[in-house]
Structures are given as C-alpha cells and as structure tokens.
Amino acid sequence: MPSFQTSPGMRDILPPESGRWRRFTAVFADVVEAAGYQQVIPPLLEDLGVFTRIGDATDVVTKEMYDFVDKGDRRVALRPEQTASVCRAFAQHRPPVLPWKVFYSGPNFRYEKPQRGRYRQFDQVGIEVLGVDDPMLDVEVIALGWEFYRALGLQQVTLIVNSLGEPGDRSRYVEALRTHFEAAGEQLTEQSRVTLAKNPLRVLDSKRDPDQPFIATAPQIADFYGDDAAEHFAAVQAGLQSLGIPFTVEPKLVRGLDYYRSTIFEFQGGTFESAQNGLGGGGRYDGLVEALGGPATPGIGFALGVDRTLIACDDEGCFAAEPLQLDAFVVDVVGGLEAAAITAELRAAGLSADRGYDNRSMKAQMKLANRSGAACAVIIGEQEVADGSIIVKPMRGGDQVTIPRSGLIAQLSETRTHD
RNA sequence: GUGGUCAUAGCUCAAUAGGUAGAGCACCAGGUUGUGAUCCUGGCGGUUGGGGGUUCAAGUCCCCUUGGCCACCCCA
C-alpha cells in the first residue's frame with residue numbers, strides 16, 4: 001500500500017486518458033472560437049464574497065465551499081464554479097466592447113461526498129456572454145452547447161429548457177409556490193420544508209415520493225410570465241426550432257444556483273443510470289454583475305462538466321481515448337550514441353520519435369517499439385554502422401528495407417504520407 | 001451531511017463449514033547468437049486497505065478507521 005493516495009474526490013488523470021482531456025478542451029475551444037468567443041483565465045482563488053453572491057440558499061455556497069483565511073487574513077475560497085469569477089472580472093476590467101463573449105475551462109472545487117461523476121475537484125468548460133439581452137443570444141449559447149456535444153459524437157444528449165421569468169415574475173411565482181407548499185404543511189417531507197424556507201423554487205427539485213403529489217399540483221411558472229418574459233421565451237423557442245435543435249420545455253426545471261432568471265436550460269445524458277445525468281446547463285443571470293459591484297449588465301452562459309460528459313462518451317462509445325502514435329522508434333544495439341543522434345535527427349525533421357534505453361536486447365527494444373505505437377522501427381546495429389546504412393521496418397505490415405543512412409528522413413517522410 | 005454496499009498481486013478476479021493465499025492479463029528473461037505484435041518455458045510480484053479483538057488457528061467472525069461505489073441531498 002502506498003503511503004499516500006489522492007484525497008477523497010480528487011484523482012489523477014493519466015495517459016492515455018489525459019490526452020483525451022486535452023483533445024476535449026481543444027474541440028470545445030474550436031467550436032466556440034468559431035463563434036467569436038475568446039478565452040478568459042480567472043484565478044482558482046477568489047475573495048469569498050465573490051462566491052457568496054451566487055446565493056445563500058445554495059449548498060454550493062453554504063456547505064461545500066473550500067474557504068479559508070490566508071496568511072494575509074483574507075477570507076478566500078477555491079472557486080466552486082467560474083461564472084461568478086467571470087462576472088467579477090467583467091466588473092473589475094469593464095471591457096469596452098459589448099457583448100463580451102468569453103469561454104473558459106478548468107477545475108472547480110466543491111466539498112461534497114464523492115460519487116461516480118461527482119468529484120471534489122471537477123473540470124468544467126463553459127461560455128459566458130455579457131452585455132446583450134437579445135433572445136437570439138440565448139439561442140446561440142444553447143446552440144453552441146448542442147454543437148459541442150455533436151462534435152464529440154454524442155447522440156443521446158437531450159435538452160430541456162424553461163424560463164424563470166423576469167425578476168418580478170419570478171418573485172410572484174416564488175410567493176405562489178410558498179403559499180402552495182405551506183398549505184401542504186406536515187405532509188411535505190422535512191427536508192422539503194427546510195428547502196421551502198430558503199428557496200421555494202427548489203422544492204420542485206425534490207425526488208422524494210411524499211412530495212410528488214404537491215409538486216404535481218404546484219402553480220406553473222408559465223402562468224406568471226409578464227409580457228416581456230413570455231415574448232423573450234417564445235423567441236428563444238422559435239430560434240431553437242429554426243435551427244433544428246430538439247428540446248422540451250420542462251416547467252419544473254429550476255437549476256441550482258440562485259442567480260438564474262429568465263431562460264434556463266440543461267443538457268442531460270441519455271445513458272445514465274445514476275442520478276448524475278446532468279451533463280451541463282446554464283441560463284441567464286442578468287443581475288449577477290451588478291451584485292458584484294459592476295453596472296447592471298445582462299448575462300448568459302453555460303458550464304459543462306468534463307467528467308460527466310466523458311462518462312457519457314464512454315457509454316455511447318464515442319470520443320475514445322487514443323493511444324500515442326509515433327512516427328518512429330529507434331532501436332540501437334551498438335551502445336546509445338547512434339540512437340541519440342538518429343532520434344535527434346528525426347525530431348529535428350518534425351517526426352515524432354522515441355527510443356530504447358539501457359542497452360536492452362534487440363528483442364526487448366522491438367517490443368518497446370511495438371508498444372510505442374510507432375509506425376516504423378528504425379534499427380541500427382554493428383553492420384549498419386560499418387557500412388553507413390540503416391534499417392527501416394514498418395510495424396504494421398510491409399517488409400523492412402535497408403537504406404543508406406543519409407536517406408532516412410526521406411524514407412520515413414514517404415512512408416508517413418502513405419498512412 | 002444521512003443511509004447502504006464493497007475493499008485479496010500493477011489490472012480483472014478465485015480461495016468449500018474460520019485451517020499454510022491462487023489464476024488470467026501485464027511486466028522481466030529465455031526458447032530464436034542481431035527484429036516486435038502469435039506460441040512455449042521460467043521468473044518477478046501480496047504483513048488479503050489500515051488498526052484492534054475473538055480463536056489453537058482469521059482473507060473468512062466482531063469493533064474501529066480509511067477509501068471506492070450506490071441512494072438521499074446537491075449539482076457538473
């Protein structure tokens with residue numbers, strides 16, 4: 001047993017899985033950069049206050065924060081998500097051109113009880129747009145998430161959308177819900193009664209059976225929309241339809257973070273048996289920048305969980321991890337200097353190359369060459385050194401050839417183009 | 001945070017009613033005195049997650065602890 005292991009909910013991403021992670025963020029960047037989004041890299045650590053603005057009724061803030069006092073007596077916290085940081089950055093730097101379209105990727109921290117698809121350090125990729133209220137922007141944001149899943153090859157992801165209305169609509173709805181659920185009294189589960197006191201909306205999220213009858217008969221948000229909210233939401237739906245993006249309106253979708261209002265949405269994996277089927281989600285948070293000390297600014301964005309999305313990819317058999325591919329593996333049985341020279345020559349020519357070490361037997365080095373995934377083994381021994389030649393052996397079929405040492409790069413470049 | 005369940009070699013798993021810990025894969029070496037992915041032989045590898053207890057004897061029973069997983073909660 002090793003003396004140390006990763007802390008609960010923390011894990012190492014090792015090759016070849018790590019290569020898949022790198023491609024994951026690359027694919028995401030490609031998709032959103034093509035839509036004019038640029039990367040922002042906020043710090044992992046922020047003043048605690050940045051995150052408490054997310055809402056005092058969410059566990060993310062009240063129970064799961066990695067917060068502490070630093071050596072300068074500052075109350076700080078590891079970020080539990082990145083939307084608040086992006087809004088803080090906006091308020092701090094005041095980008096002159098709106099909308100400000102950014103994307104991000106990186107780890108977040110929440111002190112929860114770990115499960116599959118739920119880690120204490122977990123990665124998200126996401127986008128945020130600040131400064132525009134147009135429902136067509138909502139459509140673009142949702143469409144980019146959709147497009148990204150498609151780029152990964154996921155076919156079974158479903159999209160659910162809802163609108164929480166304008167702040168006034170939302171307030172009236174919350175009051176109606178409070179009245180409704182309070183009428184149920186003791187029949188509601190104790191946990192739901194606690195939730196009710198903090199945020200009646202979230203009672204709709206309960207999965208406990210005794211609560212279901214009251215959730216089923218609860219008031220519907222749609223009945224509380226003012227003209228603006230109804231118009232906005234209708235435009236979003238029309239936009240999604242025009243792009244051919246399938247979705248369902250889920251009136252009970254409320255999202256966990258308190259800052260959401262108006263349009264909200266969630267992407268769900270189609271293959272999950274566990275409760276961790278929320279692959280990602282987002283929505284409008286028009287008051288957040290203001291709450292962080294900036295000007296009143298509309299905002300919308302989403303965050304997608306890397307870990308869960310990759311689990312979905314496993315389930316659907318897409319976007320698999322790929323073994324390392326090399327152009328050449330140098331096998332040297334004359335002592336090492338030749339291998340060093342040849343390997344350097346190959347790399348300088350833009351070919352990827354690895355080599356054997358420790359003067360192992362040719363057989364052992366050939367096994368390494370095989371495992372390295374190299375297209376060719378480049379073999380040099382006593383005889384080749386003597387007559388200035390070198391052997392190139394294709395590892396995936398074909399006969400080996402002995403060629404003049406000076407023709408190595410040309411030979412390999414040619415076989416590579418044939419692949 | 002609450003409840004449940006599991007924990008044996010690097011990996012996947014065995015081990016009859018408590019009785020000396022095994023296999024496959026992987027890895028290393030040889031069979032093949034310059035050549036891999038197949039095959040054969042051999043080798044390396046475990047204080048059975050950790051600690052304590054019951055017993056002549058514990059991987060197997062009991063307690064504690066750590067960790068994984070599942071449900072709740074919450075959320076990505």
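These numbers come from the heavy atoms of this one structure, side chains and all, not from hydrogens, waters or symmetry mates. Chain identifiers are assigned alphabetically (A, B, ...) following the order of the sequence lines, protein sequences preceding nucleic acid strands; residue numbering begins at 1 within each chain.
Side-chain contact check for A:Ser372 and A:Asp354: no donor-acceptor pair (N or O, by modelled atom type) lies under 3.5 Å.
Scanning residues 141-154 of chain A for heavy-atom distances under 4.0 Å to RNA chain B yields an empty list.
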Evaluation steps, salt bridge (charged side-chain N to carboxylate O under 4.0 Å, His left out), between A:Asp67 and A:Arg75: CA-CA 7 Å; A:Asp67 61 323; A:Arg75 198 74 195 279; 2.8 Å; yes

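Dashed line: the shortest gap from a side-chain N or O of A:Arg308 to OP1 or OP2 of B:C75 is not under 4.0 Å. Taking only side-chain nitrogens and oxygens, A:Arg202 comes nearer than 4.0 Å to OP1 or OP2 of B:C75. For the OP1/OP2 pair of B:G68 and a distance below 4.0 Å, the side-chain nitrogens and oxygens of A:Arg11 include no atom meeting the criterion.
Within the 4.0 angstrom heavy-atom criterion, no nucleotide atom of any strand lies near A:Leu304. Within the 4.0 angstrom heavy-atom criterion, base atoms lie near A:Ile391.
Look at CD on A:Gln115: it is 13 Å from C1' on B:U5, rounded to the nearest Å. One interatomic measurement links the two molecules: CG of A:Asn199 to C1' of B:C73, which rounds to 15 Å at whole-angstrom precision.
Under 3.5 Å, the side chain of A:Gln365 and the base of B:U35 form no donor-acceptor pair of N or O atoms.
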Contact state string [nucleotides 38-43 of chain B, B base, S sugar-phosphate only, - no protein heavy atom under 4.0 Å]: ------

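Scanning for side-chain contact (heavy atoms from CB on, under 4.5 Å) contacts around A:Glu384 gives A:Ile380, A:Ser389, A:Ile391, with sequence neighbours left out.
Classified by interplanar angle (parallel below 30°, tilted 30° to 60°, perpendicular above 60°), the ring pair A:Phe90/A:Trp100 is tilted.
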